[in-house]
2 protein chains.
Amino acid sequence: MASDDPRPLTLRDVSEASGVSEMTVSRVLRNRGDVSHATRERVLEAAKTLGYVPNKIAGALASQRVNLVAVIIPSLRNMVFPEVMAGISGVLENTDLQPVVGVTDYMPEKEERVLYEMLSWRPSGVIVAGLEHTEASIAMLKASGIPVVEIMDTDGKPIDCAVGISHRRAGREMARAILKQGYQRIGFLGTKMPLDHRARKRFEGFTEALAKEGVEIVTQEFYSGGSALAKGREMTRTMLEREPELDFLYYSNDMIAAGGLMELLDQGIDIPGQIGIAGFNGVELLDGLPRRVATMDACRSEIGTKAAQVIAARVENPEAEIERIMELTPRISYGDTLKRR
Amino acid sequence: MASDDPRPLTLRDVSEASGVSEMTVSRVLRNRGDVSHATRERVLEAAKTLGYVPNKIAGALASQRVNLVAVIIPSLRNMVFPEVMAGISGVLENTDLQPVVGVTDYMPEKEERVLYEMLSWRPSGVIVAGLEHTEASIAMLKASGIPVVEIMDTDGKPIDCAVGISHRRAGREMARAILKQGYQRIGFLGTKMPLDHRARKRFEGFTEALAKEGVEIVTQEFYSGGSALAKGREMTRTMLEREPELDFLYYSNDMIAAGGLMELLDQGIDIPGQIGIAGFNGVELLDGLPRRVATMDACRSEIGTKAAQVIAARVENPEAEIERIMELTPRISYGDTLKRR
DNA sequence: CTGAAAGCGCTAACAG
DNA sequence: CTGTTAGCGCTTTCAG
C-alpha cells in the first residue's frame, strides 16, 4: 500500500475541512449551479490540500449517469484496432465520455463475458467490432437501452447501427483490379481464423468476383500465430514451390504481404512483372518497405471517429435520428506491386 | 437505442419475478452463502428470462469493493504496450480482477488526468508505466491506499513497488557488446522524445559505457511521428551521407532498426562486416526480416505478468510482504547484424 | 437456509 | 447562493 490510511476521503471530509455543506462542495467540484467565488475557493483549497478524489461510483449511482463508453475489440496486437481506438479517443476527448476497452481474442463466448462485465457498469454506449455475436450478446445489447455501434463491417444486419466498410466489396474490388491488369494465376494467403468474419468476407468477395470472370484461385495457404512477417515469407515460399506458375499473390493483411514481398525480392522475382502482390489494411508500416505494397485502406481511423461521434451525439440527444448503416469506401492503393497499364 | 424500455432491470425485478427476497437473489447471483437448490434454480431462471445484468455500480458502492485494476501506459501504437497488456490480462483472467486501460500519450499532465479519472472509480490497484510522474500524480497514488506497481523501468525510486528492467544498464551492455566486437565509429538513431524516459536512459547508459572506453558517438539523428520503418530508413541514409565512415548504428527501437536494415541492404553494404546494427525491444516482427537484427529483449510479457501477479497477491492479502524493486534481466540477441568473433 | 433493516458516497429536487 | 431530505441498487449485518 502506498499509504496506511484505511479510509479514502469523502465529500464529507471536504465539507468539514471547508465548513461548507456537502451539497455545495459537490456543486463546486462538478462546476454545477452558482456558487459564490469565496465559497468556491474555500472548497477547492480544502479539496486540494486533502488530496480528495471524488468517488465516481457513488456519483454514478446517485445521478444514474455513467460517462463510460464500452469499446469491444478482438485484439490489441493487430495494429488495426489501436488505430480505431485512436480515432475513438480523439473524439471522446472533447466530450466528457471515456472509452473503456475490452478484448475478445476473436472468441464469441469471451465477447459475451466481456460484454456482460462491461454492461454491468452501465456505460452510456457500446462500440463493438463486427456484426456477428452470440444470441445472448445480442439480447443483452438490445435490452441495455443504450446506443450500440457495430464497427468495421457493414455486411450484415446491425443491432442498432453500424459504421464500417463492406469487406465483401473490398475483396471483389481487389479481384477486379487484379484481373484488369491481366493477372490470371492467383494464389490466396490468409489467416486460419474461422472467427475473423471480416477476413472471411473479403475472401468470399474475392473469389466471387474472380468466378464471375471465370477465374479460380489456383491455391491457398493459411497460417495462425507467430510473426506475421515470418509467416508471410514462409507461406510464400511454400506456395511458390508448389505452384511456380503463379502470377499474383493476394494476402489477407499487409503484414503477411510484407513478408511475402521480402521472400519474392530474395528470390529475385520481378515484381510486379512476373508476380504481383497485394495486401489489405493500408498500414503505415508499409511506407518503409523496399516496394510500396498494393493494398486497400480499411478506413480504421475514420471508423473510430465516426463511431464515437455517433455515440456522443446519441448520448447528447437520445431522440436523434439514426442512420442504420454508415458505409465508408476504401480505396485501392496500387503501390509498386500491382502493375498498372 | 436498441430498446425502448427506459428502466434497466434491478434486483427487485428478479425478486418479484421469482418470488424470492432481493437478498436471496443477490446471494444466488453472487454464489455467496447457502441457498437451497430449488430457490437457486428459480432465481437463475427468472434472471435469465428477464435478461438481468447486475448493476456493478451499486454493488461496488455497497460492498466497497471494485474488481478493477487501472493500467496506465503511454501509447497503444507502440507494440510494446499491447504486449505488456497481454501479460497483465493473462494473469488477471484467472482472478476476478479486470484491467482497465488508460493512455497518456507520453504527457505527464495527461497521465495526471487519466490517473485522477481512474482513481475516482476506486480500483483495487494501479499499474503505471514508468517511474517519472507529476507531483500531483504521486500524491494521488500515495493517498489512494491501493497497491501501485510502476512498470518497465527500475532506474529510480518507486512509489510503492516496481517491475521492469534497467534501461541504463541495457544501454551500457549493448555499448560493451558493440565495442567488444571491435566497432569504433558508432552512430545513434532514436526518437525525438524528451518524455520517453526509458529511451533517454538507454541512451545515457550507452554513451556512458562508450565513454568509459574512451569512445564517443560520432553522430546522432532523431525523429518523431510517421512510419518508424520509413524514418529508420531515411535517418540511416542521411546519416551515412554525412558520415560515411560509420561502422555501427545503434537504433533506439527495433522498428527503426528494421528500416535501417532495409536501407543498408539497398545500398549493398556488408552487414555486419562493414556496418553492424542493433535495435531494442526484441519484437516478433524482426523474425521475418532478411537478416535477424541484433536487439535486446525488453521482457515485455514478463513485466506484465509479474506486475499483475503482484497486484493480485496484494489484493488477496494486503499484509503481504512487498519487494520494492523487481528487476528483470534482458539478454542481448546478436542475430546476424552484430558480428561475433 | 431466508429475510429485514441500514447504509455505501453521492446527487436530484426542493426549500429557503 | 446555500442547505435539507431522499433516495440511486446493491450488500452487510443481524435476526429469525
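The model shown is predicted, which means the values in this text are computed figures rather than measured ones. Reminder, nothing fancy here: chain letters follow the sequence lines and each chain counts from 1. The analysis underlying the following values was restricted to heavy atoms, covering all of them including side chains, and did not include hydrogens, waters or symmetry mates.
- For dG9(D), the OP1/OP2 oxygens have no side-chain nitrogen or oxygen of Tyr52(B) closer than 4.0 Å.
- Closest contact between the side chain of Ser36(B) and the listed nucleotides dC10(C), dG3(D), dC1(C) involves dC1(C).
- Nucleic acid contact for Arg27(A): base, since at least one base atom lies under 4.0 Å from a heavy atom of the residue.
- Considering only the side chain of Ser21(B), dG3(C) comes nearest among dC1(D), dT11(D), dG3(C).
- The main-chain N or O of Cys161(A) is never found under 3.5 Å from a side-chain atom of Arg324(A) such that the two would form a donor-acceptor pair.
- For the 3.5 Å distance criterion, the side chains of Arg30(A) and Ser26(A) qualify, holding a donor opposite an acceptor.
- With dC10(D), dG9(D), dC1(C) as the choices, the nucleotide that has an atom nearest any side-chain atom of Leu61(B) turns out to be dG9(D).
- Contact annotation: Ser26(B) side-chain N/O to dC10(D) OP1/OP2 distance is not under 4.0 Å.
- Between Ala62(B) and His37(B), it is His37(B) whose nearest contact on DNA chain C lies nearer the 5' terminus.
- Atom-to-atom, CG of Leu29(A) to P of dT2(D) comes out at 14 Å; the value is rounded to the nearest Å.
- With the nearest nucleotide of DNA chain C identified for both Arg40(B) and Ser63(B), Arg40(B) has the one nearer the 5' end.
- If you take CH2 of Trp121(A) and C1' of dG9(D), they are 13 Å apart, rounded to a whole angstrom.
- Judged purely by distance below 3.5 Å, without hydrogens or angles, the side chains of Glu112(A) and Thr134(A) pair a donor atom with an acceptor atom.
- Counting non-hydrogen atoms under 4.0 angstrom, Asp34(B) reaches a base of the nucleic acid.
- Rounded to a whole Å, the CG atom of Leu11(B) is 7 Å from the P atom of dT11(D).
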Problem - side-chain contact (heavy atoms from CB on, under 4.5 Å) between Tyr52(A) and Leu11(A), intermediate numbers included - result: CA-CA 8 Å; Tyr52(A) 171 69; Leu11(A) 213 44; 3.6 Å; yes
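- Rounded to whole Å, atom P of dG3(C) lies 19 Å from atom CZ of Arg32(B).
- Nearest nucleotide to the Arg30(A) side chain, out of dC10(C), dT11(C), dT11(D): dT11(C).
- Residue Asp105(A) is tested with Lys110(A), Arg113(A), Arg77(A) for a salt bridge (Lys or Arg N to Asp or Glu O under 4.0 Å); the sole match is Lys110(A).
- Here the P atom of nucleotide dC8(D) and the CD atom of Gln64(A) are 8 Å apart, to the nearest Å.
- You'll find that the side chain of Met23(A) is closest to dT11(C), out of dT12(D), dG9(C), dT11(C).
- Listed nucleotides: dG3(C), dG9(C), dT2(D). Nearest to the side chain of Thr24(A): dT2(D).
- As rounded to whole Å, 14 Å separates atom P of dA12(C) from atom CD of Glu22(A).
- Here Arg122(A) lies out of heavy-atom contact (under 4.0 Å) with every strand.
- Between Leu9(A) atom CG and dC8(C) atom P there is a gap of 16 Å when expressed in whole angstrom units.
- What separates CG of Asn67(B) from C1' of dT11(D) is a distance of 15 Å, to the nearest Å.
- Of the charged side-chain nitrogens involved, at least one lies within less than 4.0 Å of a carboxylate oxygen, so that Arg314(B) and Asp160(B) count as a salt-bridged pair.
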